[in-house]
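For reference, the structure discussed in these notes is given below.
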Amino acid sequence: MSTQTISKSNTWKGGNSPFNVSYGKLMMWIFLLSDAFTFSSLLIGYGAIRYSFPSTQIEQIDQLQLSFAENVQEKYANGADAHHGEFFIPALRDAGVFSEKQWPSPDLVFNHFPFAHGLHLPLIFVSLMTLILILSSVTMVLGVEAGQRGDKKDVTKWMLWTIIGGFAFLGCQAWEWTNFITAGATPWSNPYGPPTFAALFFLVTGFHGFHVFSGVVLNIIIFINNIKGTYERRGHYEMVEKVGLYWHFVDLVWVFVFTFFYLI
Amino acid sequence: MSVSNHKVNKNTKNYDPTVWVPETHSHGTKDIWLKFWILLGLTVIDVAFYFLMPPSMARNIIFIALGIIKAIYIVGTFMHMKHEKLSLATMIILPMIFIIFFLVWMMYEGNFWGSI
């Protein structure tokens, strides 16, 4: 009788790993789940607050583009670079497009690109940032794959590319923040519209940026340990996988930050 | 004689949870690059929708759906979730399904706050 009752499975009876993962990896997954909750709460808050304001109407933007050449250029810029923050924001405030009563269209806020002054290029820079982060995620997973083969040299190569990708992303983030801050945005005031917009932007992209920064630090630690031969001596490269999980999570969060802040 | 018919881990005899690591093997790089091109394509589709479709709740749901598809590829392939046990995958993914529901619900809910 008793032999029949225990014949099903003893997965949970101890003496083995029920999930067939190491302790550290399981804990990394649970940490990432909790971190996902934190980011979700921020994005849920963003979604709710953003839709408690009316959106910038598409007709307003279209009309603006028609009248932009004659009105804005003549009145404010005298033919100068009209997309420069100095002229662009006051002109759009006068036109009622930027007002405390409506949520600014990301189209009109994040429309800059390095070395392309005066051009209206919405979404292009942030798409480039997305590409950089996805690419660094790919180099990370290639590093993990090299670790699974026990190829120390390849791990070094791919970890280095991942670190470079991380720094490139942080640089882009800094450039984006600099633009936003020089336009006059602070966590409590926002020339583009409701102060909540700036507060949420700084909070969410700052929180994500700090995760990227932590990820780069962890990647550098792994990179140095690998060069020193720590994982070769240990006989497995599981640390690369665990830090890789964290790095992919950072990429995953960016997918949703991109969706919520720039697309919606 | 064994009374159990389930698969026992290879290292069960000397199982020590503080140091035990399952044996790994590479799944190759072909799948990784395929997923990279898919993710890139989905991002391009995002940008195309942004410029070609006027803003609406339907467009937002398209963006969230595309985000979820991207998340499936990142978690499944890059984070190796598709090679993990179903019990682990369920533990991580199930709570997130409720979160997505909550996200869409609160965006819709926010619409009514302005008119209070």
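In this text, all values refer to a predicted model and were calculated from it rather than measured experimentally. Note on naming: letters A, B, ... go to the chains in the order of the sequence lines (proteins, then strands), and numbering restarts at 1 for each one. No hydrogens, no waters, no symmetry mates; every other heavy atom, side chains included, goes into these values.
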Name the atoms and distances for all side-chain donor-acceptor pairs under 3.5 Å in residues 60-67 of chain B, with sequence neighbours left out.
residue  : atom : partner  : partner atom : Å
Asn60(B) : ND2  : Tyr51(A) : OH           : 2.3

Top contributor to chain A contacts, counting heavy-atom pairs under 4.5 Å, from His80(B), Met57(B), Glu109(B), His27(B): His80(B)

[X], part contacting chain A, at a heavy-atom distance under 4.5 Å:
X         : value
Tyr108(B) : neither
Ile74(B)  : side chain
Met96(B)  : side chain

Side-chain donor-acceptor pairs of residues 249-264 of chain A under 3.5 Å, sequence neighbours excluded:
residue   : atom : partner   : partner atom : Å
Asp251(A) : OD2  : Ser137(A) : OG           : 3.1
Trp254(A) : NE1  : Thr130(A) : OG1          : 3.1
Thr259(A) : OG1  : Val255(A) : O            : 2.7
Tyr262(A) : OH   : Glu176(A) : OE2          : 3.0

At a 4.5 Å cut-off on heavy atoms, which part of [X] comes close to chain B: side chain, backbone, both, or neither?
X         : value
Pro122(A) : both
Glu145(A) : both
His248(A) : both

Short side-chain donor-acceptor distance under 3.5 Å, Arg50(A) and Ser55(A): yes

Proximity of residues 22-29 of chain A to chain B, residues having a non-hydrogen atom under 4.5 angstrom: Ser22(A), Tyr23(A), Lys25(A), Leu26(A), Trp29(A)

Parallel, tilted or perpendicular: ring planes of Trp105(B) versus Phe102(B), cut at 30 and 60 degrees: tilted

Pairs satisfying salt bridge (charged side-chain N to carboxylate O under 4.0 Å, His left out), at least one member in residues 27-43 of chain B, at least two apart: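 Of all non-adjacent pairs touching residues 27-43 of chain B, those that pass salt bridge (charged side-chain N to carboxylate O under 4.0 Å, His left out) are Asp31(B)-Lys35(B), Asp31(B)-Lys82(B).
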
